[in-house]
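Only one structure is covered here, and it is reproduced in the block below.
Both counts, for ligands and for their atoms, begin at 1 and track the order of listing.
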Amino acid sequence: MSLTTIPTIQVEKVTTSRIQEVDFDNLVFGSVFTDHMFECDFVDGEWQKPTIKPYGPLEIYPSAKVFHYGQAVFEGMKAYKDDAGKVFMFRPVDNLKRINKSSHRMAIPEFPEALFFDAMHQLLEMDREWIKPGLGNSLYIRPFVIATQNGVSASPSNRYKFMIILSPVQAYYQGEVKVIIAENFSRAADGGVGYAKAAGNYGAQFYPTNLAKEKGFQQVIWTDANEHKYLEEAGTMNVFFRVNDTLLTAPTNDRILDGITRKSVIALAEKAGIDVEVRRVTVDEIVVAAKNGSLKEIFGAGTAAVISPVSAFSYKDETYGLQDQKDSFAKRFKKELTHIQHNLIADPFEWRYVVC
Ligand SMILES: *Cc1c(COP(=O)(O)O)cnc(C)c1O
């Protein structure tokens, strides 16, 4: 679809904003939503009637296919405001491409790029007061698609709803993150949907993560489904290991999500002259490195938390602690990424995208 053929977005504004009710200094991640949302339905083979309207409940029949077969995908992105009040996004084209890749795998029709950006611009402009300046503050953006056809026959829906909702968030402090390396459970398998941001991937992780929590750990590091020998992702983040001064991370494949934070960290590391090895990382080599002291850091990378350092990991009932590093890679990448996102430093990679 070209720019000239996208349908016009109908806009219905709230009569009174809810913004005065929100305590922006005490936000719980993903629990407060802005005044407006975007909605567009796929009917009769095309995306139609794009609308921005007040955030509120949907009316959907209980037979809608999303409830029965989990035909649903989503994205997670953020908008940032600099001290001059300008609003930015970070590599948003990559998120649009990825939601369409996820949709393709789930037999959901792709969403047009021009309409996505038109919606994003208008929505962020309307709710721009909800984006607070300052490092740590941002607006979490959740685009998603659900199958809305009525009927429980097990086949792809012929109707879908594409939506964007917005949630103001503060820096994501998880406290100490201790992880368990999975010995039996898997997040994804060869030929499966691990590379897609499919809703069910998250649902399937809750139970093993709860078991880890009962043992005093916050997250699971997922290993390959065949042998549980290779380290793949940490919770819902990509995972990095620092052995001496080399950074290790798994290559993306059909089990590993192609994270935008992950590839940005790789680019920053390479630019800084840090050795980066993108290759399969074995559980055994990390256990050996932990024992001989060459394992310096483990951290997760993803939009919500940016970089999430791991303080200890457990494998076969043995726990290995990680010392704080003076020249921490995790701290360095977090600082660089958030400073680029908030327009505080130069952006040599042209990752920032000016919205309004
Ligand atoms: C979203 C996600 C990530 C992180 O991707 P970003 O683009 O960096 O936010 C990593 N792993 C999984 C499984 C995810 O769903």
Filter the ligand 1-protein atom pairs down to N or O on both sides and distance under 3.5 Å, then list them.
| residue | atom | partner | partner atom | Å |
| --- | --- | --- | --- | --- |
| ligand 1 | 7 (O) | Arg98 | NH1 | 2.8 |
| ligand 1 | 7 (O) | Arg98 | NH2 | 3.0 |
| ligand 1 | 7 (O) | Ile260 | N | 2.8 |
| ligand 1 | 8 (O) | Ile260 | N | 3.3 |
| ligand 1 | 8 (O) | Thr261 | N | 2.9 |
| ligand 1 | 8 (O) | Thr261 | OG1 | 2.6 |
| ligand 1 | 9 (O) | Thr303 | N | 2.9 |
| ligand 1 | 9 (O) | Thr303 | OG1 | 2.6 |
| ligand 1 | 11 (N) | Glu233 | OE1 | 2.5 |
| ligand 1 | 11 (N) | Thr236 | O | 3.3 |
| ligand 1 | 15 (O) | Lys197 | NZ | 2.8 |
| ligand 1 | 15 (O) | Tyr202 | OH | 2.4 |

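Distance alone, capped at 3.5 Å, places no donor-acceptor pair between the Thr223 side chain and the Leu231 backbone. At least one donor-acceptor pair under 3.5 Å links the side chain of Arg187 to the backbone N or O of Gly194.
Under the 6.0 Å cut-off for aromatic ring centres, Tyr140 and Tyr172 do not qualify, their centroids lying 6.0 Å or more apart. Aromatic ring centres of His121 and Tyr353: separated by under 6.0 Å.
Counting only residues at least two apart or in different chains, ring-ring contact (aromatic ring centres under 6.0 Å, His included) contacts with residues 221-272 comprise Phe240-Phe299.
For Glu75 and Lys197, the salt-bridge test fails: no basic side-chain N is under 4.0 Å from an acidic carboxylate O.
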